[in-house]
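Predicted model only: the values in this text are computed from it and were never measured. Each chain gets a letter, A, B and so on, in the order the sequences are listed, and its residues count up from 1.
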2 protein chains.
Amino acid sequence: MDSSGMLKSYIEKKGLKKTSERAVMLEIIKKIPGHFDAEGLLSQVNRNNTKVSRASVYRTIKLFAEAGIIKESLLRGGRKVYEYGPEKTHHDHMICVKCGKLFEFSDPMIEKHQEEICRKHRFQMTGHKLEIQGICNSCK
Amino acid sequence: MDSSGMLKSYIEKKGLKKTSERAVMLEIIKKIPGHFDAEGLLSQVNRNNTKVSRASVYRTIKLFAEAGIIKESLLRGGRKVYEYGPEKTHHDHMICVKCGKLFEFSDPMIEKHQEEICRKHRFQMTGHKLEIQGICNSCK
DNA sequence: TTGATATTGAGACACAGTATCAATATCAAG
DNA sequence: CTTGATATTGATACTGTGTCTCAATATCAA
């Protein structure tokens, strides 16, 4: 299912209502290639003719995350960072502490070990975040 | 070296000064068994006869972290969480999303895979954080 | 004892995010 | 189409976590 469908079914399931604000935000988020945060999205939404209030941007981001349309991917200096992509597979992040650039990676072996550990501790995993800090190749 | 020694040598190295506030905070932190945050420490410090201002608590926490006396271990709802223990080895966390309990674990295989990935990407790792969210055994 | 300077406390400030609430938009039922 | 119930919005006040400022004070070497 595409993200518009996901939003529609989430809205129906919860007895919510379709609004132009949500439609506008979804269209803009779809076009963002990488990561984004609430403030950045807010200014992008209000850059053009469209206009959505700060409160609604935050509310809608939360709604989209609950609907599975976007994912909260990490915290950057106390700021939540999201990314579009219901079809995207899970991945982890490397953050360069010098230039702040973000690199994605995924390692099935690490995932496997995590599952192993959870089994051992009888812990039912619902999600995880792995973040490696360091210095990237071009900053060395 | 114990934490008092670490503080002393860090202070000397940086040309800083010994103060009663720092001593008081170190004594209290030493007695905290698990994790703590700035606000919790602040109220603990000011509960008794001792008194340290909010600003100084935050400043001193930062100083202790730089001196290696405490470690920033994770972020919990936008709040930084620390733990005492210069001798403690690195470990990762499992957080129960129901009861909020925190479990520690460490897995050398995961660490190894992380190093492998960093080598592959020519990324010089300086630190990492792995956090598994889920439901703990007693909350199932 | 003195002088340089690191430190402190109090409070203002910064920032991300949430709560409040009256006005408005949506939508199902008639 | 109109109506009524209610979900949503925008404006703005507020919260929580942490930082900055700056005058007063404590520390320490000379």
Problem set entry | A/A55: side chain to side chain contact (heavy atoms under 4.5 Å, CB included) partners, not counting sequence neighbours | A/S53, A/R59
For this session: Could you state the atom-to-atom distance from CD1 of A/I11 to C1' of D/dT8 in whole Å?
Result: 11 Å
For this session: Say whether, by atom type as modelled, one donor and one acceptor occur between the side chain of A/T60 and the main chain of A/V57 under 3.5 angstrom.
Result: no
For this session: Please tell me which of B/V57 and B/G15 maps to the more 5' nucleotide of DNA chain C, matching each residue to the nucleotide holding its nearest heavy atom.
Result: B/G15
Seminar exercise, completed: Apart from B/F105 itself, its cluster of hydrophobic side chains linked below 4.5 Å comprises A/M94, A/F103, A/F105, A/I110, A/I117, A/F123, A/M125, A/L130, A/I132, B/M94, B/F103, B/I110, B/I117, B/F123, B/M125, B/L130, B/I132
Exercise. Just checking A/K51: base, sugar-phosphate only, or nothing, at a heavy-atom cut-off of under 4.0 Å?
Worked result: sugar-phosphate
Problem set entry | Shortest non-hydrogen contact between B/D37 and B/G40, atoms and distance | OD1-N, 2.8 Å
Exercise. Can we call the ring centroids of A/H128 and B/H93 under 6.0 Å apart?
Worked result: no
Seminar exercise, completed: Looking only at heavy atoms, the pair that brings A/I32 and A/Q44 closest together is CD1-OE1, 3.7 Å
Exercise. Could you state the CZ-P distance from B/F64 to C/dT7, rounded to the nearest angstrom?
Worked result: 12 Å
Exercise. Short question: side chain of A/R22, backbone of A/K17 - any donor-acceptor pair under 3.5 Å?
Worked result: yes
Problem set entry | Residues B/K112 and B/E115 bridged, charged N to O under 4.0 Å | no
Exercise. If you write DNA chain D from 5' to 3' in dot-bracket form, with Watson-Crick or G-U pairs under 3.5 Å, [ ] for crossing pairs and | for pairs with another strand, what do you get?
Worked result: ||||||||||||||||||||||||||||||
For this session: Using atom CG of A/L63 as one end and atom P of D/dA7 as the other, report the distance to the nearest whole Å.
Result: 13 Å
Seminar exercise, completed: Expected string for nucleotides 18-30 of chain D under the B/S/- scheme (protein heavy atoms, under 4.0 Å, primed atoms plus P, OP1, OP2 as sugar-phosphate) is BBBB-----BS--
Exercise. Looking at A/E39 and A/R54, does any basic side-chain N land under 4.0 Å from a carboxylate oxygen?
Worked result: yes
Exercise. Heavy-atom contacts under 4.0 Å between residues 21-28 of chain B and DNA chain C, which residues?
Worked result: B/E21, B/R22
Exercise. Residues in salt bridge (Lys or Arg N to Asp or Glu O under 4.0 Å) with B/K80, at least two apart?
Worked result: none
Problem set entry | A/E12/A/K8 ion pair, N-O < 4.0 Å | yes
Seminar exercise, completed: Between CD of A/E12 and P of C/dC27 the distance, given in whole Å, is 10 Å
